[in-house]
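To start, the structure itself, in structure tokens.
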Amino acid sequence: MSTALLEITGVHKHFGGVAALCDVSLSIEIGHIHGLIGPNGAGKTTLFNVMTGLYRADSGQFRLDGQGYRPSSVHKVAQAGIARTFQNIRLFKAMTALENVMVGRHIRTRNGVWAALTGHRRGREEERQTRERAMHLLDYVGIGPFADYRADSLSYGHQRRLEIARALATEPRLLALDEPAAGMNLSEKQQLRELLEKIRGDHRTVLLIEHDVKLVMGICDQLTVLDHGQVIARGSAETVRRDPAVIQAYLGASAHA
Ligand SMILES: Nc1ncnc2c1ncn2[C@@H]1O[C@H](COP(=O)(O)OP(=O)(O)OP(=O)(O)O)[C@@H](O)[C@H]1O
């Protein structure tokens, strides 16, 4: 029996004359941290955008937990159980950390964000639970003491954690992180690694785009390597690290540095 959470098969995506994705297939096991790596312009973000409904694929099949899904809109994908973060942080800057997470949570509540914001009676109990859960998530990612701080006043590393908390608030089956360590210093990266290990320890599944080879190789259970829109290798860090096509395409520079 397959234990794949996400299965993507034969995805193509062109931008004019550029084949950003060419027959890309990917399978992510439940409970794994799966790394998606490759040099600049390889197609990683395009694949994220296609699987999360931001771009429409030219063709391809998508299955989440054994069920076919059509990534036709960001909202539908979130409801199907995929949450993502972005390469460039996209928080509600003028809202507090807690409010940012609460907004993420409202996708899973009955009355939604408007009932909560307008103070509708039906929404009040739900609002209390949403707040409680959001607070728990801020503690979980390690920024509980900053709950009432405006998002844009947080340090860079804390903003990245806040994005993860907001994504977790949707109770995703798959958490897709686009370069979560970008711009982080060494100690922030170490803390991020510990957080990702905790998330995996709690039986969640993570798809990770990351340029930091040390982080990726150290933490991922499986990797898929893209180059020029095509999958050139897949497997464990050990397998991928030794693959001549990968060394040639991507790791060459650091391997021989
Ligand atoms: N919206 C777009 N319009 C036109 N071309 C695009 C668009 N988005 C991506 N591309 C092209 O598709 C290819 C893949 O880009 P993509 O951003 O997916 O790569 P990437 O692996 O995420 O790169 P990076 O590591 O630099 O973020 C590139 O040639 C890029 O120029």
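Remember, it's 1-based here, ligands and their atoms both numbered in the order they're listed.
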With heavy atoms of H211 as the reference, note each atom of ligand 1 found under 4.0 Å away.
25 (O)

How close does the nearest protein non-hydrogen atom get to atom 3 (N) of ligand 1, and which residue and atom is it?
F15 CD2, 3.5 Å

Salt bridge (Lys or Arg N to Asp or Glu O under 4.0 Å) between K198 and E194, worked out:
CA-CA 6 Å; K198 179 157 95 165; E194 286 163 16; over 6 Å; no

Ignoring hydrogens and geometry beyond distance, is a side-chain donor-acceptor pair present between E29 and H34 at under 3.5 Å?
no

Heavy atom of the protein closest to atom 17 (O) of ligand 1 (residue, atom name, distance):
T45 CB, 3.9 Å

Stepwise side-chain contact (heavy atoms from CB on, under 4.5 Å) test for T45 and D178:
CA-CA 7 Å; T45 300; D178 192 350; 3.5 Å; yes

Would F15 and Y55 count as a ring-ring contact (aromatic ring centres under 6.0 Å, His included) here? Give the steps.
CA-CA 11 Å; F15 295 108; Y55 294 164; 5.4 Å; yes

Atom 26 (O) of ligand 1: the protein heavy-atom neighbour that sits closest, reported with distance to 0.1 Å:
N40 OD1, 3.2 Å

Worked check of side-chain contact (heavy atoms from CB on, under 4.5 Å) between V231 and V225
CA-CA 6 Å; V231 175; V225 191; over 6 Å; no

Can you list the ligand 1 atoms lying under 4.0 Å from a non-hydrogen atom of P39?
21 (O)

Is there a heavy atom of Y55 sitting under 4.0 angstrom from any atom of ligand 1?
yes

For ligand 1, which atoms, with element, lie under 4.0 Å from some heavy atom of A42?
19 (O), 20 (P), 21 (O)

Report the nearest protein non-hydrogen atom to atom 21 (O) of ligand 1: residue, atom name, distance rounded to 0.1 Å.
K44 NZ, 2.7 Å

Selection from L47, T46, I37 by shortest heavy-atom distance to atom 16 (P) of ligand 1:
T46

For G16, is the nearest heavy atom under 4.0 Å from an atom of ligand 1?
no

Which protein heavy atom lies closest to atom 19 (O) of ligand 1, and at what distance to 0.1 Å?
G43 N, 3.1 Å

Nitrogen or oxygen of G38 less than 3.5 angstrom from that of ligand 1
no

Electrostatic pair D212:K214 at N-O distance under 4.0 angstrom
no

Y140 and D202: side-chain contact (heavy atoms from CB on, under 4.5 Å), yes or no, with the steps?
CA-CA 11 Å; Y140 182 83; D202 288 337; 2.5 Å; yes

Can you find a protein heavy atom under 4.0 Å from atom 31 (O) of ligand 1?
no

Hey, are Y156 and N185 close enough side-chain-wise for a donor-acceptor pair under 3.5 Å?
no

What residue and heavy atom of the protein are closest to atom 23 (O) of ligand 1, and at what distance?
G41 N, 2.8 Å

How far is atom 12 (O) of ligand 1 from its nearest protein heavy atom, and which residue and atom is that?
A20 CB, 3.4 Å

I'd like to know whether L192 forms a side-chain contact (heavy atoms from CB on, under 4.5 Å) with R160, so could you lay out the CA-CA distance, the side-chain angles of the two residues, the decisive distance to 0.1 Å, and finally the verdict.
CA-CA 9 Å; L192 174 69; R160 290 249 176 239; over 6 Å; no

Checking contacts here: is it the side chain or the backbone of V18 that comes within 4.0 Å of ligand 1, counting heavy atoms only? Could be both or neither.
side chain

Polar side chain donor-acceptor pair, R84 to N49, under 3.5 angstrom
yes

